[in-house]
Amino acid sequence: MSERQKVWVSQPLFDDIVARLHDHFDVVQVPEVSEHDSATIAAALRDVDGALVTLNERVGAKEIAEASKLRAVANVGVGYNNLDVAALHARGIVATNTPDVLTETTADFGFALMMAAARRVTEAERHLRAGKWQGWNFKGLLGADLHGSTLGILGMGRIGQGIARRASGFDMRVLYHNRTRLPADIERDCRAEYVDFDMLFARADHLVLVLPYSAENHHIVDAAALAKMQPTATLTNIARGGIVDETALADALANGRLASAALDVFEGEPTVNPRLLALDNIVLTPHIASGSLATRRAMVDLAVDNLIAALGAGPDAGHPPTPISTGTKDAKRPGTA
Ligand code: GLV
């Protein structure tokens, strides 16, 4: 009988779903939520055939240098900037992610954050909880409307399209910018109009960022981009922290260049820039856009399927793995975040 393959599961996930891995592999399960440094990840990968990792684990050339048996890394997440996919591919290691299953949940949350920023929901709650509410105030905490306003979407992949479809119910005009313009039927379905980057920033009353992070779009939303926005506008980021220059954003929010913002993602997660924490006109959430119970379970389910399939371990994979391919990823999935 051939030796069973071995896999590493980097964090506690859902035991009943991860249990499916035990049918095929010897599983090394990390028992507690843990912060793994590079050396720990390298040590964990040294002796395994596959790994199920989360966005918190960086897997690159250094971490796989001694992982001679490693053949597959299944990421629990649609974004995969924690993986050096080129380095994995160079070693013939399959990398997979979890697209689709989180699209609608993440679009819901993007919408929720945008609404919270526009209508100052968390600021108003802090005001009330601090005992500052003196009674109904005609001019207190006035916000901006969503209905009838212009929504701007930067990154029009599946999640961006989900947000655009929701905007129809609010009678919003939808503008988008993307590396690749969408086919006409999808534009029609989303009731979305393609504009260039500058126009998107200038015209949006509410701008939502849903593009995948890459070295090329690091700080694409910088002081110059923010300066193009209307001072009454809001900015929501559910993509990755590195897309926004947080210092420039803090300046814009502090000096009235921008009305408000909402961030679910941060450059130095889990550390949040203290200047952002000190501002009232910003909604801050701890990277939970895909965090409904059903969706987080579906993500783990898909990642488990991916690992089983990528390691060729069985018919119960159910479907082929969802491999990440470099080079074409932005063209194929321009807005997945
Ligand atoms: C969450 O941020 C994800 O990429 O799945």
Side-chain angles (χ1 to χ4, degrees), residues 9-14 17-18 33 35-36 51-60 73-85 88 95-114 153-163 178 208-215 217-218 220-221 235-244 246 262-272 283-307 321-326 329-330 332-337:
V9 180
S10 66
Q11 301 286 343
L13 299 164
F14 295 104
I17 302 173
V18 172
V33 175
E35 226 180 277
H36 301 298
L52 197 72
V53 300
T54 74
L55 307 181
N56 288 331
E57 284 78 52
R58 158 98 201 142
V59 183
V73 175
N75 205 38
V76 186
V78 66
Y80 47 83
N81 55 306
N82 56 312
L83 306 182
D84 182 340
V85 178
L88 294 178
T96 65
N97 66 339
T98 59
D100 297 322
V101 292
L102 48 60
T103 299
E104 300 303 331
T105 296
T106 306
D108 281 351
F109 194 76
F111 222 88
L113 276 190
M114 172 173 62
I153 301 175
L154 183 61
M156 197 65 157
R158 287 164 287 212
I159 298 169
Q161 290 168 34
I163 292 172
N178 204 45
V208 183
L209 310 176
V210 211
L211 67 169
Y213 178 79
S214 65
N217 61 31
H218 181 74
I220 192 169
V221 182
L235 176 75
T236 296
N237 186 9
I238 56 167
R240 284 290 181 267
I243 287 169
V244 176
E246 291 177 352
L263 304 182
D264 186 49
V265 285
F266 304 89
E267 272 206 89
E269 292 180 19
T271 304
V272 178
V283 179
L284 303 167
T285 52
H287 203 148
I288 57 168
S290 65
S292 73
L293 176 60
T295 289
R296 286 281 162 90
R297 285 184 62 83
M299 289 164 70
V300 177
D301 218 23
L302 178 53
V304 164
D305 279 352
N306 281 338
L307 194 54
T322 53
I324 297 164
S325 56
T326 47
K329 75 178 193 294
D330 287 342
K332 276 165 65 193
R333 295 205 292 264
T336 45

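Fair warning: this is a prediction, and the values are worked out from it, not measured in the lab. First listed ligand is number 1; within each ligand, the first listed atom is number 1. Quick note: numbers below take in every heavy atom, side chains included, and nothing from hydrogens, waters or symmetry partners.
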Ignoring hydrogens and angles, tell me if any N or O in the side chain of D264 forms a donor-acceptor pair with the backbone of I238 under 3.5 Å.
-> no
With heavy atoms of R240 as the reference, note each atom of ligand 1 found under 4.0 Å away.
-> 1 (C), 2 (O), 3 (C), 4 (O)
N75 side chain to V78 main-chain N or O, any donor-acceptor pair under 3.5 Å?
-> no
Per-residue contact class, L55 against ligand 1 - non-hydrogen pairs under 4.0 Å | side chain
Just let me know how V265 lines up against ligand 1, side chain, backbone, both or neither, with a heavy-atom cut-off below 4.0 Å.
-> neither
What atoms of ligand 1 come closer than 4.0 angstrom to any heavy atom of G79?
-> 3 (C), 4 (O), 5 (O)
Backbone of P212 reached by a side-chain donor or acceptor of N217 within 3.5 Å | yes
Can you sort out which atoms of ligand 1 are near L102, meaning under 4.0 Å from one of its heavy atoms?
-> 5 (O)
Distance filter under 4.0 Å to H287 heavy atoms, resulting ligand 1 atoms | 1 (C), 2 (O)
Does any N or O atom in V78 lie less than 3.5 angstrom from one in ligand 1, N or O only?
-> yes
Output all residues satisfying salt bridge (charged side-chain N to carboxylate O under 4.0 Å, His left out) with E104, sequence neighbours left out; order by chain, then residue number.
-> R165, R166
Among all residues two or more places apart in sequence or in another chain, which pass the side chain to side chain contact (heavy atoms under 4.5 Å, CB included) test with E246?
-> F266, E267, N273, L276
Between S10 and E57, does any side-chain donor sit less than 3.5 Å from a side-chain acceptor?
-> yes
Any N or O on S290 sitting closer than 3.5 Å to an N or O of ligand 1?
-> no
